[in-house]
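Report on the following structure.
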Amino acid sequence: MMDAPRQPDDAALTFADDAGASRSKWVAGGLALAIVAWMGSGYLIPSAHDDGEAGGATAAMRQPVSVAVMASQAQTIPRIFSAEGQALPDRDTSIRAETSGLIAEILVAKGADLASGEPIARFAPAARQSDLARAEEELRLAQREYENAQALLARGVATADRVAQARAALASAQAGVTAANEAVTNTEIRAPFAGRLEALEINEGEYITIGDDIGRIVDNAPLTVRIQIPQQAIRDIRQGQTAQVAFMTGESAAGVVTFIGSSADAQTRTFTADIDIPNEDGAIPAGISAQLQIPTGEITAHFISPAILSLDTDGALGVKTVDAQNSVVFHPVEIVRAQTDGIWVSGLPDAAQIITIGQGFVNDGETVAPTVQEGDPEALVDPAEAGLVASPDVTTGTSVGDNPEAGLLNE
């Protein structure tokens, strides 16, 4: 017979009845609150170390950027108009035959320097004498025919038209005799003006006719340098101005402006100008290139290194200076003249403190700590190579590295 299940005893003990059970719950809850409070303290109460770093960074941001400046005084220099041109001869002419005939003798060689009227070649005289004899015989025949026509007209046998034809034939025969006489007299081909014989197209024994090319003669004294003047500079160039010309062959000479065009080229909008240069000995050849400079006045300018130039946000070329309040000022400038060791610019005050190092890292209106730089601005250290540190340059759109200890800007 199975026993009945045992009923639980109402008097049995449980964990809740333990006196230490509630105390352990309070201890666990307290530990959890302590951990949460400790973790949140870092956000609510910053440490003294963090306060020191934040203060140092703020102080560094407020410190003016150090730049190097150079005192520059404007100077009065001549304004120069520069252009490139080509040397042209004073005269360049083709020599053509004025009569027909057989070339009997060549008297000069190609490349000879000729005087005005100097013989170049000589025709064979025998043929010309024969031509003269034939022309004289034709003239006598025409004269007899004309006289016979007049006699027949007087007797009523001939007409007036026949007399007119005979008169025309007589005039033609007279012209032939005149031409034959001139051919006999002019048996030589002569230079039309003094110059150098650049080409000779005939040979001995060659028969030439009227209009055939004999050669080409060039006169280089004076020499003409032709340039093109832009329309914005046409008011600065006048006839009679002196010019310095340097040729590609190494020669240099002084010239005078003798011609300025009054109508611009439709394609290039430039004006043609000629500068005449004495070249009595012909040492300077025609056709070579030339560099030309014409003084057009005076201008006040500063001499600086091209590395000092900056661009503003609009792309204007300029130079940054420091004023009396140590503020950066951007001055738009114009390049007046370029040399191998620097450039002359206008647009700056007569006396200026030009930023020579660090101009790429400061902006217009920014307060800086200037340091006077002595010596040639060409020899100054490049800011990028020196590791200079500054905020991004709004003017040029450039930024720099982040080395806090290198360069002048962190002195």
Side-chain angles (χ1 to χ4, degrees), residues 72-92 218-265 267-309 316-319 331-348 350 352 354 376-378:
S72 178
Q73 184 66 39
Q75 303 179 41
T76 300
I77 61 171
R79 181 189 289 271
I80 302 294
F81 170 78
S82 299
E84 294 185 359
Q86 183 180 10
L88 303 175
D90 183 53
R91 290 177 288 185
D92 188 341
V218 175
D219 180 15
N220 285 348
L223 204 63
T224 300
V225 175
R226 182 159 295 169
I227 63 173
Q228 299 297 322
I229 303 176
Q231 54 188 347
Q232 62 268 24
I234 189 64
R235 296 297 182 187
D236 297 331
I237 309 300
R238 300 179 301 277
Q239 289 189 10
Q241 286 179 318
T242 58
Q244 292 295 325
V245 183
F247 297 95
M248 295 300 293
T249 54
E251 294 94 343
S252 59
V256 178
V257 179
T258 57
F259 170 78
I260 301 175
S262 58
S263 177
D265 183 87
Q267 301 296 327
T268 62
R269 302 299 180 186
T270 57
F271 295 82
T272 300
D274 291 343
I275 294 88
D276 284 355
I277 299 172
N279 190 29
E280 299 299 335
D281 57 356
I284 304 175
I288 61 176
S289 300
Q291 291 278 351
L292 182 141
Q293 292 185 335
I294 302 176
T296 60
E298 293 184 341
I299 190 171
T300 301
H302 290 258
F303 185 73
I304 64 172
S305 166
I308 296 177
L309 296 175
L317 191 66
V319 172
H331 299 274
V333 298
E334 176 185 356
I335 299 177
V336 177
R337 187 196 305 173
Q339 301 176 188
T340 56
D341 55 344
I343 58 175
W344 292 90
V345 298
S346 62
L348 294 173
D350 289 343
I354 300 175
D376 185 2
E378 282 284 337

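Since we're looking at a predicted model, the values are computed, not measured.
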Next item on the list: Mind running side chain to side chain contact (heavy atoms under 4.5 Å, CB included) on Ile288 and Phe247 for me, showing each step along the way?
Entry: CA-CA 7 Å; Ile288 61 176; Phe247 297 95; 3.6 Å; yes
Margin query: Between Thr272 and Gln228, does the side chain to side chain contact (heavy atoms under 4.5 Å, CB included) criterion hold? Intermediate values first, please.
Written below: CA-CA 5 Å; Thr272 300; Gln228 299 297 322; 3.3 Å; yes
Next item on the list: Start with the C-alpha gap between Ile234 and Ile260, add the side-chain angles, then the distance that decides, and say whether side chain to side chain contact (heavy atoms under 4.5 Å, CB included) holds.
Entry: CA-CA 9 Å; Ile234 189 64; Ile260 301 175; 3.7 Å; yes
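Taking all atoms of both residues into account, the shortest heavy-atom contact from Pro306 to Gly342 is CD-CA, 4.2 Å. The shortest heavy-atom contact between His302 and Ser72 is ND1-OG, 2.7 Å. Of all non-hydrogen atoms in Thr300 and Asp350, the two that sit nearest each other are CG2-OD1, 4.0 Å. In plain terms, the two heavy atoms of Pro78 and Arg337 that are nearest each other are O-NH2, 2.8 Å. Contact between Pro278 and Ala254 at its shortest, heavy atoms only, is CD-O, 3.7 Å. Closest heavy-atom contact between Ala221 and Glu280: CB-CA, 4.2 Å.
Considering only heavy atoms from C-beta on, Asn279 stays 4.5 Å or farther from Pro222 through its side chain. Considering only heavy atoms from C-beta on, Asp236 stays 4.5 Å or farther from Phe81 through its side chain.
The closest side-chain donor-acceptor pair between Gln339 and Asp341 falls under 3.5 angstrom.
Distance CZ/Arg79 to CD1/Ile294: 14.0 Å, rounded to 0.5 Å. Distance CG/Asn220 to CG/Asp281: 10.5 Å, rounded to 0.5 Å. Asp276 CG to Thr224 OG1: the interatomic distance, rounded to the nearest 0.5 Å, is 4.0 Å. For the atom pair NE2 (His331) and CG (Leu348), the distance works out to 6.0 Å, reported to the nearest 0.5 Å. Rounded to the nearest 0.5 angstrom, Leu223 CG and Ile284 CD1 are separated by 6.0 Å. Expressed to the nearest 0.5 Å, how far CD1 of Ile275 lies from CD of Gln244 amounts to 12.0 Å.
Taking a 6.0 Å sphere around CD of Glu84, one finds it holds 12 or fewer heavy atoms contributed by other residues, nucleotides or ligands.
None of Leu309, Ile308, Val333 except one satisfies the side-chain contact (heavy atoms from CB on, under 4.5 Å) rule with Ile343; the exception is Leu309. Between Val345 and the choices Ile335, Leu317, Val336, the side-chain contact (heavy atoms from CB on, under 4.5 Å) rule is met once, by Ile335.
No donor-acceptor pair under 3.5 Å is formed between the side chain of Gln75 and the backbone N or O of Phe303.
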